[in-house]
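By convention in this document, chain letters (A, B, ...) are assigned in the order of the sequence lines, proteins followed by strands, and residues within each chain are numbered from 1. All values derive from a computational prediction rather than experimental measurement.
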Amino acid sequence: MPILSLHSFSRAILHVDGDCFFASCEVAKNPALKGKCVVTGKERGIASSMSYEAKARGVTRAMRLSEIRKLIPEVIILPSDYETYSLYSQRMYAIVRRYTEAIEEYSIDECFADLTGMRRPNKMSYEQMAMKIKHELDMELGMTFSVGLSVNKVLAKAASKWRKPSGLTIIPGYNIHLYLAKLPVEKVWGIGSQTSAYIQKLLGEARGYSGAVTALQFASEQPEWVKLHFSKPFQEIHRELNGGFVYPLVIGEKNDYASISKTRTFTPPSSDREYVFAQLSKNIENACIKLRRHSLFTKRFAFFLKTQEFRYAGLEIKLSQAISAPQEIIRSVREKFSQVHRPGVLYRATGIVLMDLDHEDVRTADLFGDSNRIEKVQAVLQAVDSIDAKFGKHTVFLGSSWKAVNSQSHRGDRGEETERRAQLLRGETKRQRIGLPFLGKIDR
DNA sequence: TCTGGGGTCCTAGGACCC
DNA sequence: TCTGGGGTCCTAGGACCC
């Protein structure tokens, strides 16, 4: 099936992608870092983002920091600073919004914009808009962006990825096939390793293709054939590769969640029941902080333990009433914990997933005169949140998390004293921690 | 890449009901 | 109650993305 479109832009969809965004934000914030090997992710012990200088010297995503230090002794490793990144993110959205209100805030470093119909109001062509947006982003934010313009999201995404960093790629409808012919199918947004292996196998058998299958070869198959072999998401991708418009932009701020989860790996792995439970308890607390920040309540949640062999064991718990207090979750998890935890097994991580999230106003009224106590708990939690806001995250924590929180101060590859000195040099102060062991007493 | 953390959507299959 | 057919809801797990 030939890909042919008479129009250059049946729709004009723009995709904007910040180049190594976190590292670039750090450089924009502190220009003295310009031209240096900058890596973020210090608090995780692995690289989250790295400047192109660091990339050129062999740093890759998720590389261990100890390894990076060996590779580049003068490397600058910084902790992630999400407040700053989201500030730059907001400025990125604002610049694109000068040209259209139809913006999808896809992630902290990416957005889509629908420019369709904006040539007249903006008094310029789509190509000019893309150029001007890129220029303003680069100039005003002090970092570079890669920009793609095409007829839908899948192709706009392919376009922005085409040339990096600081690329501007425009794929009008009549040129789609030229790009897809040079694009390996696994590079298409939404086609991962499993599906590309499957496509490889199918097309190898049906068409006798050898070597890497291109996006064009997949796109050229008949829709009926695709329908026969693939699930809905891939039928949709197939249509977009052929220039169709399937995925509308999700306009506006992303605010609601279907689920909230917190997982943390701890080293070394442990079989100590109380310690593992404390890790889980800490995750539950953190998940609930996020829950409350968004004024949400949960009616269903699942906890799990991950063994040293990367096996998962977990349990789901359903509630009759939506809650947001960690103690209540911790209490019901404690009841079921021994059904999941096996003595002698080494665990490396714990996690909690909160589901069926509701907003406060949707919550059903409390009919059983429990409201007094619930209000008191709410008041305590509000106080906890404001203490955290003042003194830093997790200043206050539940007694059940003590073993986990306590172990944090022994972490790190440097001695405690050198770490403290380094913190003072960076102008940081050690957080004060206040345990509240009695917050967990709830009987219902 | 011996493997960090936070999300979303889709599908198949079972339970349950009429 | 042998049987049939259809609809809905829920759950587990897979796949993918940043």
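In summary, of the residues considered (A:Glu236, A:Glu240, A:Arg239), a side-chain hydrogen bond (donor to acceptor under 3.5 Å, both in side chains) with A:Tyr247 occurs for A:Glu236 alone. A side-chain contact (heavy atoms from CB on, under 4.5 Å) with A:Cys37 is found for exactly one of A:Ile77, A:Ile68, A:Val75, namely A:Val75.
Using a 4.0 Å heavy-atom distance criterion, A:Ala258 is classed as a sugar-phosphate-only contact. A:Ile260 comes within 4.0 angstrom of the backbone, heavy atoms only, and of no base. No engagement by A:Val353 is indicated, since no non-hydrogen atom pair under 4.0 Å with the nucleic acid exists. A:Tyr257 comes within 4.0 angstrom of the backbone, heavy atoms only, and of no base.
Across the protein-nucleic acid pair, A:Leu71 atom CG and B:dT1 atom C1' stand 15 Å apart, rounded to whole Å. The separation between A:Glu43 atom CD and B:dG5 atom P is 11 Å, rounded to whole Å. Atoms CZ (A:Phe22) and P (B:dG5) sit 15 Å apart, rounded to a whole Å. In this entry the distance linking CD1 of A:Ile352 with P of B:dG6 reads 12 Å, nearest Å. As a whole-Å value, the separation of A:Glu110 CD from B:dG6 P is 19 Å. Atom NZ of A:Lys153 and atom P of C:dC16 are 18 Å apart (whole Å). Look at CE on A:Met50: it is 16 Å from P on B:dG4, rounded to the nearest Å. Here the P atom of nucleotide B:dT3 and the CZ atom of A:Phe266 are 16 Å apart, to the nearest Å.
Put simply, the side chain of A:Glu53 never gets that close to the backbone of A:Val38: no donor and acceptor are under 3.5 Å apart. Counting only distance, with no hydrogens or angles, the side chain of A:Thr195 and the backbone of A:Gly192 share no donor-acceptor pair below 3.5 Å.
OP1 or OP2 of B:dT8 sits under 4.0 Å from a side-chain N or O of A:Ser259. The side chain of A:Lys157 places no N or O atom within less than 4.0 Å of a non-bridging phosphate oxygen (OP1 or OP2) of C:dC16. The shortest distance between the side-chain N/O atoms of A:Arg264 and the OP1/OP2 oxygens of B:dG5 is below 4.0 Å. Remark: A:Arg64 is in phosphate contact with B:dT3, judged by side-chain N or O atoms under 4.0 Å from OP1 or OP2. At B:dG6, one or more side-chain N or O atoms of A:Lys262 fall inside 4.0 Å of OP1 or OP2 (strictly under the cut-off). Between A:Thr263 and B:dG6, a side-chain N or O to OP1/OP2 separation shorter than 4.0 Å is present.
Between A:Phe112 and A:Trp189, a ring centre-to-centre spacing shorter than 6.0 Å is recorded.
In this structure, A:Phe310 counts as stacked on the base of B:dT3 under the 5.5 Å centre distance and 30° plane angle limits.
One finds the NE2 atom of A:His15 at 9.0 Å from the NZ atom of A:Lys153 (value rounded to the nearest 0.5 Å).
At a cut-off of 3.5 Å, with distance as the only test, a side-chain donor of A:Thr350 or A:Asn283 sits close to an acceptor on the other residue. Side-chain atoms of A:Asp17 and A:Ser146 form no donor-acceptor pair, as typed in the model, at a separation below 3.5 Å.
For the pair A:Asp256 and A:Arg61, both in contact range of DNA chain B, the more 5′-proximal nearest nucleotide belongs to A:Arg61.
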Dot-bracket assigned to DNA chain B with the 3.5 Å Watson-Crick/G-U criterion, [ ] for crossing and | for other-strand pairs, is ....||||||||||||||
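Taking the six-membered ring where tryptophan is involved, the planes of A:Phe22 and A:Tyr85 are essentially parallel, since the angle between them stays under 30° and well short of 60°.
Annotation: B:dT3 and C:dC18 have their P atoms spaced 23 Å apart (nearest Å).
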For nucleotides 10-15 of chain C, give me every protein contact, N/O to N/O, under 3.5 Å, one pair per line with atom names.
from: C:dT11; atom 1: OP1; to: A:Lys318; atom 2: NZ; distance (Å): 2.8
from: C:dA12; atom 1: OP2; to: A:Glu316; atom 2: OE1; distance (Å): 3.2

Discussion item. For a side-chain contact (heavy atoms from CB on, under 4.5 Å) check, start with the C-alpha distance between A:Arg207 and A:Gln217, then their side-chain angles and the critical distance, and finish with the verdict.
Written reply: CA-CA 10 Å; A:Arg207 303 278 171 192; A:Gln217 288 170 329; over 6 Å; no
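Looking at heavy atoms from C-beta onward, A:Lys306 lies out of side-chain contact with A:Tyr347 at the 4.5 angstrom threshold.
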